[in-house]
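What follows is a short report on a single structure.
Here the structure is a predicted model, which means the values were calculated and not measured. Count residues from 1 along the sequence.
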Amino acid sequence: MPADRDHRSFLEDWPRVSKFVLSAFAASVAELVYSGVRMVAYEHLRDSVLGKRDDDTFPLWKAVVGGMTAGAIGQFFASPTDLVKVQMQMEGKRRLEGKPPRVRGVYHAFVTIVSKGGIRGLWAGWVPNVQRAALVNMGDLTMYDTAKHFLLRNTPLTDNSLCHTISSICSGVVAATLGTPADVIKTRIMNQPRDKHGRGLLYKSSTDCLIQAIRGEGFMSLYKGFMPTWMRMAPWSLVFWLTYEQIRRLGGVSSF
């Protein structure tokens, strides 16, 4: 019967579907923690710690410091959920290779990581991730804030969706420009072969990887994959900032 075949097909596909759902859930949690912390941190740094000028402008150097610091703090807090997200995403690849699953769900992934490496194991690989987040947010947070208030001060534009769109486009381009080298370095470090103690065999650190890449392949090797990175970041930046500004407006909170 067709209905029986459809039912059997659904049951056969369910493990793959459930893994996808769990992976998407882990990714959503990681992004929620990361974005929530970085946005709160940046506004606190801008308004209370670094401070604006008397004319209510925020100097570029302070915006750079605030953006990098907020991004680093956000990624540090999100590192455990980010690690779980990566492990859940790798389960699909392991299934295709015919390997047994390592984790059965988000909670099991957390338990497995802690049982093998302790609490510190949840922050495995956090250094290159934090470095990347600092650079990306120097482009994303810093550029959006700077571009938006530049437009408001120097053009007829008002604090509306058009202004937010132009600012988010600028932030997406700069974030991709600054983030692509960090992505390249992070990927090479994470994919390098390791000895039995977990130490990398090709690179000693992020700086060593950076130097080797430039010496061996030239500076532009750091921008391999720039277009895919920009095509991913640009829509995300546009949707995020437009949505974020509207949520603030609907919540009765002043514009970013």
Side-chain angles (χ1 to χ4, degrees), residues 23 26-46 49-50 58 60-90 113 120-147 167-168 170-191 200 203 205-210 213 222-226 228-241 243-244 256:
S23 177
S28 298
V29 172
E31 184 59 42
L32 181 64
V33 174
Y34 169 63
S35 289
V37 172
R38 76 185 180 113
M39 298 306 293
V40 172
Y42 182 80
E43 285 203 78
H44 179 68
L45 288 167
R46 182 187 65 185
V49 179
L50 297 171
F58 195 46
L60 178 61
W61 74 267
K62 288 187 177 182
V64 169
V65 172
M68 293 185 71
T69 304
I73 293 172
Q75 183 57 53
F76 181 79
F77 276 94
S79 286
T81 51
D82 200 39
L83 183 61
V84 170
K85 176 194 72 174
V86 172
Q87 292 212 358
M88 295 300 299
Q89 291 173 340
M90 289 298 295
I113 293 170
R120 292 180 62 184
L122 293 171
W123 275 269
W126 69 272
V127 174
N129 287 333
V130 165
Q131 291 171 338
R132 175 190 178 277
L135 289 173
V136 168
N137 280 278
M138 183 170 67
D140 188 31
L141 283 172
T142 300
M143 191 61 206
Y144 180 84
D145 193 21
T146 303
S167 302
S168 66
C170 294
S171 71
V173 171
V174 178
T177 302
L178 295 175
T180 300
D183 274 337
V184 171
I185 299 301
K186 184 183 78 169
T187 301
R188 293 190 180 195
I189 289 176
M190 293 180 69
N191 291 336
Y203 312 110
S205 64
S206 300
T207 303
D208 181 48
C209 181
L210 174 66
L222 299 176
Y223 283 90
K224 290 180 178 179
F226 171 79
T229 299
W230 178 73
M231 291 175 68
R232 172 175 59 85
M233 282 187 171
W236 182 91
S237 181
L238 180 64
V239 172
F240 173 81
W241 283 112
T243 304
Y244 183 66
F256 181 77

Can you give me the closest heavy-atom contact between [X] and [Y], atom names plus distance?
X      : Y      : answer
Val173 : Thr177 : O-OG1, 2.8 Å
Gly172 : Trp230 : O-CD1, 3.9 Å
Asp208 : Tyr203 : OD2-CA, 3.4 Å
Thr142 : Thr146 : O-OG1, 2.7 Å
Arg188 : Cys209 : CB-SG, 3.8 Å

**Report entry** Main-chain N/O of Val239 paired to Thr243 side chain as donor or acceptor, under 3.5 Å
**Finding:**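 The answer is yes, because a donor-acceptor pair under 3.5 Å joins these two groups.
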Query raised in the report: Does Asp140 use its side chain to pair, donor to acceptor, with the backbone of Val136 at less than 3.5 Å?
Result: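 Such a contact is absent between Asp140 side chain and Val136 backbone.
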Query raised in the report: Please walk me through it: do Phe240 and Glu31 pass side chain to side chain contact (heavy atoms under 4.5 Å, CB included)?
Result: CA-CA 11 Å; Phe240 173 81; Glu31 184 59 42; 5.8 Å; no
Compile the donor-acceptor pairs under 3.5 Å between side chains in residues 62-77 and protein atoms, sequence neighbours left out, one pair per line.
residue: Lys62; atom: NZ; partner: Leu50; partner atom: O; Å: 2.9
residue: Lys62; atom: NZ; partner: Gly51; partner atom: O; Å: 3.1
residue: Thr69; atom: OG1; partner: Val65; partner atom: O; Å: 2.7

Taking the side chain as everything from C-beta on, heavy atoms only, tell me whether [X] gets closer than 4.5 Å to [Y].
X      : Y      : result
Arg38  : Ser35  : yes
Asp82  : Tyr34  : no
Trp241 : Ser167 : no
Asp145 : Leu141 : no

**Report entry** Rounded distance (nearest 0.5 Å) linking atom CZ of Arg132 with atom CG of Asn137
**Finding:**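 Answer for the CZ-CG pair, Arg132 versus Asn137, is 9.0 Å.
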Query raised in the report: Could you state the interatomic distance from OH (Tyr144) to SG (Cys170), rounded to the nearest 0.5 Å?
Result: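 Nearest 0.5 Å value for the OH-SG distance: 11.0 Å.
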Requested in this report: Please name the residue in the list Leu222, Leu135, Thr229, Ile185 that meets the side-chain contact (heavy atoms from CB on, under 4.5 Å) test with Thr180.
Outcome: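 Single side-chain contact (heavy atoms from CB on, under 4.5 Å) partner of Thr180 among Leu222, Leu135, Thr229, Ile185: Thr229.
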Query - Tyr42: ring pair (Phe, Tyr, Trp, His ring centres under 6.0 Å) partners, not counting sequence neighbours - result: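 Expected list: Phe256.
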Query raised in the report: In terms of heavy-atom contacts, does CH2 of Trp236 have more than 12 from other residues, nucleotides or ligands at under 6.0 Å?
Result: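 Enclosed.
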